[in-house]
Structure formats: structure tokens, C-alpha cells
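Notes to accompany the following structure.
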Amino acid sequence: MTASPQPVDPFDLVIFGGTGDLAVRKLLPALYHRFVDGQIPGSSRIIGVAREGLDDDGYRTTIRKALLEGGADASKVDTFLPQVSYRSLDARKDDGWDAFATLMGEQPNHVRVFYLSTSPDLFVDICNRLGSYGLNKGEARVVLEKPIGRNLASANQINDAVGRVFDESQTFRIDHYLGKETVQNLLALRFGNALFEPLWNAEHIDHVQITVAETLGVGQRVAYYDHAGALRDMVQNHILQLLCMVAMEPPSSLAPDAVRDEKLKVLRSLKPIDGGNAAQLTVRGQYRAGAADGQGVPGYLDELKDHKSNTETFTALKAEIANWRWAGVPFYLRTGKRLPERVSEIVVVFKEVPHSIFDPSAGVLAQNRLVLRLQPDENIKLWVTIKHPGPGGLRLRYVSLDMSFAEAFGVQQPDAYERLLLDVVRGNPTLFMRRDEVEAAWRWADPILAAWADSGETPRQYTSGTWGPSAAVALIERDGRNWYEDSE
Ligand code: BG6
């Protein structure tokens, strides 16, 4: 039986960008689920803020519709919605801010969370106003959605400006991949078992693959995405954070800085990729028209309604961590939109057995693989070689020892935001990025972006519904390896 989750203290949570896709599709549903589970006390307030001139009822109607579409129970939604309200505010104008400050002042002892789910160019204005209205005091916290800036310089500007209003201890830079169950399971698997850690190094691991594949295209988010691209949108944050969780040294405890110090060392040990080696170590692609889930879909440039964009919707990279544990072990990273399936997976591939005692007719010895699937259907599989049962000589079979979370625990995994939002309310930043981590990640990503821009080349086209440009296959096949696309 699963223990009931502990309720948090009552809080006020203000979502700037409250009518946006993230708020409506992810944040409000996450809060609803925690509310239904009894973790959010009734006197808490959830306040959506955006420029649109809506009232509370109008906002609740939007949220109600989104929750019901997501399968929520109508009567529970009706119990939840009175906690939700709306304020129309413009971060760049004073109108309405006095009244907003008064509203916030009504519950002075509550934890106050300001979630900035807006474009990063509004972060500074919003924080400055929160500061000038005295809303950064006491138990106030600010949550910054990624991407923080679009390179190191702009991330520094944002972090400096936010830092003038909120202390680092009040600042929660969210990366929702860190809230996914399987990612946290990496901590349990690596540091709660004696089995893996002795093998977790260059002596025993051949390489690591991290794939985050999506079937969706860019769709409505094209205006944001065209300024970002796959490297900024997924690699600089989510994929590097996954890489850190795989590669970091054992932290001394789960204390926030103990974990983050170790992740930072990994980020700082990444071998630079720049104009000198980007052509060998990176591939970028852009989807053209094709198929997704059996339906014809337009290409990226059609969605953009512009035929000139070098924004990559796919990237594959061969990264390396220059430290004593990992030197020489490639980390192949890959992410893209409009790929054949939605799957996020970390595959740790162990070295070949040094010598086979088996007759070649027994079958080929495959390398052991540990596969951590983040989504869909979270599971962990360990691929091993065994003897095929029964008479008929010794025949080898390659099979997986499976741990499916749904089967083992019979519960629906909570969305990452559910866990992370309550961590903010509790004031626990372990699963959030510290400023120096974000900077180290940009320090690695900036020269790649510069190399791509300087190359004068356009991204390679790939047909929607395929695994990206053929160069991504060549990137790994050159090393005598291949992508694991089917871990069944
Ligand atoms: C977001 C990116 O951070 O993560 C999106 O901006 C991407 O482009 C999304 O689609 C993927 O998240 P998830 O949880 O659906 O894998």
C-alpha cells in the first residue's frame, strides 16, 4: 500500500503566463491532482496572471475545460476551482500592481511562490516589479522556467537581475525532467544498490545513449521555437541534466548543494565542442512534411510560414566527459520533433565480454544494457544473456529483466510538475538548477551554436516520422555502434 502524501502548509502560488500553454496544460492539472490527493490545504490560493482582460470566472472556465479534457472528475474540479483566481497585469506597466500587492498582503504568513512561465525577456521586469512592491520578502520564492536566456551572456543578465530581487536560496530554476520518476530512480538505483556503482565507469561501460524523441511538431509554439531550436530547448537543460544524473560522482547526501555540486563538476568536465570538431561530433536536422501517427503532417517551414529558417528541430551529438571516471566513454545524445515515436530513454551499454567460451553456433553474445525508460510507461530493463531452456544443446538468448512501474506498483505515475511544485512550496531546491549549473551548461552549448552559425550550412532535412537525418545514424555507426530504437 502507498502511504498518503503529507499535506504542505497553505500557500499562495502566482503563475505569470497563467493563460499560456504550460500553465493550462501542465501546471494547473498538476495542482489539481495534488489537491485531489489532499496535499493542498483549502486556504491556499492559485492566481493566474496574464495580460488578457479576463475575470475569475472566465479563467476558471478555461481551466475547467482543460482539466475535463485531461480526464478529471467534474465534481472534484468544481471543488478545486474556487481556489483558482485571475489577475490581469502587464509586467511592463504599473496598472493593477497596487491591487495585486494588496491581494498578496492578505495572507502575509503564507509561502508565496511566483512562477514565471512567460518568455524569459519578461523575467527581469516581473522580478523588478515584485521587488518594488515588496513582494520578495519573507517566505517568497520565484520559479524560473527554462530556457534561462538564449546563451551565457543573456542568462547572466537574467540571473543578475533576478538576483538583485531574490536571493539564490529563493530562486528555483525548474527543469521538469528532474521531477520525472525514472530520473529520481537513477539516484535510488545507483546509490541504493551495491550492484551498479562498482561497474559505473569507463572500465566497464562502453557508452551511454540518451534519447528524447517526440512525435509532435512545433505547432502553436513556432514563434518561441524558431528562436530556440532543439539544442537550446532540450539539450542545454533536460538532456544535460539527465547526463549529470547518470555521470555524477556519489553525493555525500541528498542535501541540495551536495547533489548540485556533483552535477556541476560533470558539466564543467564536458569536453568542448566548437568550430574545430562540431562537424564530426554534431548533426542538426529540420523536419519536412511526412507522417505522424498515420496522418500526413506539414514540414517545419510550412508551420513557420517562412521558407528561410536554420532552426534545428533535431540534433544528435557525441559528448564526452573528461574526468577520471568517464574519459573515453561516448555519451550519444539525441532529440527531435516529429520522430516515429514518443520515447525518452537512457541506455547504459556495458562492455563486451572479453572472451567467449561458447561455440559460435550457440548464438552471438550481446552487450549487457541497462535501459531506463522515462516515458511512456516508465520502466527499467536489464538485458542479459541466458541459456534457452530445455534440451537441444546450449543456445544463448538475450532477454530483459523488466521492472515496469505500472505493473509493480499499480499506480499512475504523477506528472513531474506535481512533485516539483510542492518541492518549491516546501522550499526544497535539490531537484532545481543552481545558477552555476545553468551557466556551465551554456558555456558548453554556446560554442556549438556558434559553430553551427559560422558553418554557413543549413540543417539537414528529414522526413517527419523518421529517426532524423541519416547523418545521425552515421554519427554513431562510425564508432561501430548503433542507436537502440527498440528496447522491447
Ligand atoms: C519542454 C520543451 O521543456 O519539454 C518542449 O520546451 C518539449 O519543446 C517538452 O516538448 C517535452 O516534455 P515532456 O515532459 O513531454 O517530455
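All ligand and atom numbering here is 1-based and tracks the order in the structure. Numbering starts at 1 and runs along the sequence shown.
A salt bridge does not link Asp12 with Arg112: every distance from a Lys NZ or Arg NE/NH1/NH2 to an Asp or Glu carboxylate oxygen is 4.0 Å or more. Look at Arg141 and Glu139 and you find a salt bridge, because one of the NZ, NE, NH1 or NH2 atoms lies within 4.0 Å of a carboxylate O, short of that distance.
Listed as neighbours of ligand 1 are Lys146, His176, Tyr177, Lys180, Glu214, Arg221, Asp233, Met234, His238, Lys337, Arg342, Gln375, each bearing a heavy atom under 4.0 Å from the ligand.
Within a 6.0 Å sphere centred on CZ of Arg460, heavy atoms belonging to other residues, nucleotides or ligands number 12 at most. Open room surrounds CZ on Arg51; 12 or fewer heavy atoms of other groups in view lie less than 6.0 Å from it.
Using bins of under 30°, 30° to 60° and over 60° for the plane-to-plane angle, the ring pair Tyr300/Tyr225 lands in the perpendicular bin. A tilted orientation is assigned to the rings of Tyr417 and Tyr115, their planes being inclined by 30° to 60°.
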